[in-house]
S.K.: 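My structure is below; once you've seen it, I'll send some questions.
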Amino acid sequence: MAGDNPYLAHLPPHQRGVGPSNAAAKEPLYGFMPRKVKGEQVRKAMEQDINPFTKQPLSAQYKKILEVRKKLPVYAKMDEFFQMFSENQIIVMVGETGSGKTTQIPQFVAYSDLPHTRGKLVACTQPRRVAAMSVAKRVADEMDVQLGRQVGYSIRFEDMTEPGTTFLKYMTDGMLLREAMNDPDLTRYSTIILDEAHERTLATDILMGLLKSLAKRRSDLKIIVMSATLDALKFQKYFGLATDTAAPLFKVPGRTHPVEVFYTQEPEPDYVEAAIRTVLMIHRAEEPGDILLFLTGEEEIEDACRKIKLEADDLVNQDPDSVGPLMCIPLYSSLPPSQQQRIFDPPPTARTPDGPPGRKVVVSTNIAETSLTIDGIVYVVDPGFSKQKVYNPRIRVESLLVSPISKASAQQRAGRAGRTRPGKCFRLYTEKDFMSELEEQTYPEILRSNLSNTVLELVKLGIKDLVRFDYVDAPAPETLMRALELLNYLAALDDEGNLTPLGAIMAEFPLDPQLSKLLIVSPEFKCSNEMLTITSMMSVPNVWIRPANQRREADAAKQMLTVPDGDHLTLLNVYNQYVLNKHDKNWAWTNYLSQRALMQADNVRAQLQRTMEKFDVDLVSLSDERKLYINIRQALVCGFFMQVAHKEGEKGNYLTVKDNQVVALHPSCGLDSQPEWVIFNEFVLTTRPYIRTVSDVKAEWLLDYATNYFDVASFPDGETKRALQRVVNKRAGKAAARLDGGSREGSADPRDKKKRKKQ
DNA sequence: GAGCACTGC
């Protein structure tokens, strides 16, 4: 009887019906017992004329899409899924590309959970925003609902959900982590699906740890971990709730075309040269079909494109009857979207009606491995390298290094050749190297990152013992120690590692802790409006554009906007000028600035401002610009006192404080002199160690605003310590002299000696 | 006298 089903109880009596036959006619989900639903019931419900979730008639479009859905590999395994879902709290699922897991599994779960009947949601996380948006749109169409109503998405800057109505929500993994910080039990959700878990993003890794422990507290919460690779066993073991048991595996085959893989006989000494040679060989000898070549970065890609073009033109000239035209398109993230769109252009047509057909070559960074899919690719050239982030906790430096890719990554790259028809993948390394030298999986991000932000989040989440937190892969203890040390110096954590009230507010900002600290102290320096701008500018990609053929013009334009006291002030100036020029695209263009980055900064600034207002951090400014600029640099010390360098000798060398790394000012630095003390935002390791985004600071400020860190006694011996000691002595002498009644004030302040340089 | 791989809040 309808009355027996608690999940119909919310319906008004006329919808509940009076008896089984009547109820079945009016209630499409009649007889559905939550989490005891069977595939047969769901298939039947899908075939009805009424949308079970909205009670509206289903459209013709719905039926058309349903026919397509039925052909997905995951659809055929529906019964198995529902059985496993009913019987287990945690499931690990493996579905290769084309299985339909991302679109179908969350819908299956909705049919079983019936979240709409009890005010709950089903969440499905994605590592990337575009994926969350586009999948949500597709699923809304499949379910015949309007995007943002029953099915929605939530990403930074955009919440496309309707509270009380949305019951299926796609979201970025970072967004769910944010939610967990304010609701550690994630009470709104009945089931949480972590998609693309094999990518092992920092946020997904932390979520896996949280959900594993949350599963013990919330027996009503179900968890599905979805992954594309065969390394599911690791997740199964990790999520086995009792010792020695593994979480069950739900496996669905993919649906792609076969890709034939070729290896080189010998290792290639120069992979770029070998890659170019291979592309031209394919163009000469292989059947029509586009080529995707993976290289590591912008410069390498632009260079390879030039060479491929030159050589292809030569080939065509030599042998116009058998070699068709070749079009070479670069692809990397910092290209403007209009340029990125070029990858979808059709290949060039044959030069004569019955001449050899044209071909398209896309030369791309890793962006084409996961984020962007190009149809029509039949050949993949894989030299086996990519730029990867590595973190060295000893010197607290994150850097990008060209490194060999993993087997999983090589497989993913090869797969890009088989999306539309059978393809070929040319690996520019030997099969032996593939088997024995490449790691199985790319190192998870948590092992390659500075974790100061993550540690603050974990503490805010109530994780007491960070070292013993149940990580899928535990970071190096030294990395955790470095993070704890920084957070303690910033006063976000007390000496026992507990969150301070300051730390609690810092954790609310989507920023590195140094930056959130800056924002919170900035009202004391009467520069919070300005710090808000500087912080925003530091959280977006580089705003400076420097085209290879217009470097001089670009540098001149930059010089006009430069504030010689520090790059931080230059960033402030750039943003202010952008606003003064009414966010004009042309102004940005003529000044060699990235309009896209400036718009992002605007967006970030608005979001940070809302957070500041929420926590009553005053928004203030000083009208005296000279004083303001000094105050800003003083406030910078409060966040970045651990990133200070001291000048050594006259060769432009600096030593980082305490770590004693020899560094140089980055050539992009706008300082017009070499100040004795500088504060820097970034340490980059390229042709040599550089510090980037640098400002001039005074030793006195270091002593005054970072007293704990600049405790001279605790410094390692060296020139830096002696320089600091001189300042301390001078001050002590001054104080003593003042006590004696004598006054030599003014001359002791280096600020007065130094000529003011104002633009 | 260099270079932002790629995401995310």
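Naming convention: chains lettered A, B, ... in sequence-line order (proteins, then strands); numbering from 1 in each chain.
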S.K.: Apply side chain to side chain donor-acceptor pair (under 3.5 Å) to A/Q595 and list each qualifying residue two or more places apart in sequence or on a separate chain.
M.R.: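 Scan of A/Q595 (side chain to side chain donor-acceptor pair (under 3.5 Å), adjacent residues dropped) gives none.
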S.K.: Output all residues satisfying ring-ring contact (aromatic ring centres under 6.0 Å, His included) with A/Y271, sequence neighbours left out; order by chain, then residue number.
M.R.: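 ring-ring contact (aromatic ring centres under 6.0 Å, His included) list for A/Y271, sorted by chain: A/F385.
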S.K.: The side chain of A/R546 lies closest to which of these nucleotides: B/dC9, B/dA5, B/dG1?
M.R.: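 For A/R546, the side-chain atoms sit closest to B/dG1.
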S.K.: With a cut-off of under 6.0 Å to the ring centre and 45° to the axis, is A/R546 in cation-pi contact with A/Y592?
M.R.: no
S.K.: Taking only residues two or more places apart in sequence, or in another chain, which ones meet A/E158 in a side chain to side chain donor-acceptor pair (under 3.5 Å)?
M.R.: A/Y153
S.K.: Between residues 595-603 of chain A and DNA chain B, which residues have a heavy-atom gap below 4.0 Å?
M.R.: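 When residues 595-603 of chain A is checked for heavy atoms under 4.0 Å from DNA chain B, there are no hits whatsoever.
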S.K.: Just checking A/T172: base, sugar-phosphate only, or nothing, at a heavy-atom cut-off of under 4.0 Å?
M.R.: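 It contacts sugar-phosphate atoms only.
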S.K.: Base, sugar-phosphate alone, or nothing: which one does A/L400 contact when heavy atoms must sit under 4.0 Å apart?
M.R.: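 Since a base atom lies under 4.0 Å of A/L400, the category is base.
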S.K.: Among all residues two or more places apart in sequence or in another chain, which pass the side chain to side chain donor-acceptor pair (under 3.5 Å) test with A/R156?
M.R.: A/Q607
S.K.: Within less than 4.0 Å of OP1 or OP2 of B/dC9, is there a side-chain N or O belonging to A/R129?
M.R.: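 True: A/R129 side-chain N/O within range (under 4.0 Å) of B/dC9 OP1/OP2.
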S.K.: Quick check for you: among B/dG8, B/dT7, B/dG1, whose closest atom lies nearest to any side-chain atom of A/S371?
M.R.: B/dT7
S.K.: Indicate, with a heavy-atom threshold strictly under 4.0 Å, whether A/D555 touches base, sugar-phosphate, or nothing.
M.R.: base
S.K.: Go through the structure and list residues passing side chain to side chain donor-acceptor pair (under 3.5 Å) with A/Y690, not counting sequence neighbours.
M.R.: none
